[in-house]
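Every heavy atom of this structure was used, including side-chain atoms; hydrogens, water molecules and symmetry mates were not. Position 1 is the first residue of the sequence; numbering continues from there.
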Amino acid sequence: MNLHYRSVRRTLLGRPSSVRWLHAVPRPLSSSHEAADLPQAPVHRIHGLVVDCEARRVSVAGHQLKLTCMEFELLAHLVANQRRVYTHGQLMALVWQQAATGDMSTVDVHVARLRQKLGPGYRALIRTVPQIGYAFEPPATTKPRP
């Protein structure tokens, strides 16, 4: 699944200004039925970590984090594809939408900043797979014993 929750501004960069304004103005819905048909962006909740893709907000233990656009995109992508390992090149293509050429340290830098902002209780959710890349690993839920 290749969903990106980019802001309107980021999505419309590079288009002529007249096109930007045309697409950026919200159009009124003709009926409440159409509003119900609009797809809802997911809200992921993992042990106190909440990633709201529609509002583009992340909170940890009830405290909202201030993430950059790309930090949010990276976290949202990893959370939406839990336990799947992504290489640096795949993350560059899927999150940054750039060809994976040259130095991949930008992925490492963004992951390091993201871990720092998540804090000590949540930074381990982003697992480093040596020589490959990263994966989002939620904690295993323990089942109560009978």
Atom pair CG (L74) and CG (L67), whose distance is rounded to the nearest 0.5 Å: 10.0 Å
Where do [X] and [Y] come nearest, in terms of heavy atoms and distance?
| X | Y | result |
| --- | --- | --- |
| L125 | P138 | CD2-CA, 3.9 Å |
| M70 | V95 | CE-O, 3.4 Å |
| R115 | I126 | NH2-O, 2.5 Å |

By salt bridge (charged side-chain N to carboxylate O under 4.0 Å, His left out), which residues pair with R127, not counting sequence neighbours? E137
Is [Y] close to [X] at the side-chain level, that is, under 4.5 Å between some pair of heavy atoms?
| X | Y | answer |
| --- | --- | --- |
| T106 | M92 | yes |
| V58 | V50 | no |
| V43 | V51 | no |
| Q90 | T87 | yes |
| F136 | L49 | yes |
| Q82 | I46 | yes |

For the residue pair H44 / D52, report whether a side-chain donor-acceptor contact shorter than 3.5 Å exists. no
Is the distance between the ring centroids of [X] and [Y] under 6.0 Å?
| X | Y | value |
| --- | --- | --- |
| W96 | H110 | yes |
| H77 | Y86 | yes |
| Y122 | H47 | no |

Should the heavy atoms of other residues, nucleotides or ligands under 6.0 Å from CZ of R57 be counted, would the total exceed 12? no
side-chain contact (heavy atoms from CB on, under 4.5 Å), that's the test. Do D108 and Y134 meet it? Break it down for me. CA-CA 9 Å; D108 297 327; Y134 299 97; 2.5 Å; yes
For the pair E71 and R113, find out whether any cationic side-chain nitrogen is under 4.0 Å from an anionic carboxylate oxygen. no
The single option from T68, L75, L65, V109 that satisfies side chain to side chain contact (heavy atoms under 4.5 Å, CB included) with L114 is L75
Shared ILVMFWY cluster between L78 and V85, side chains joined below 4.5 angstrom? no
Verify, without hydrogens or angle tests, whether K117 (side chain) and K66 (backbone) share a donor-acceptor contact under 3.5 angstrom. yes
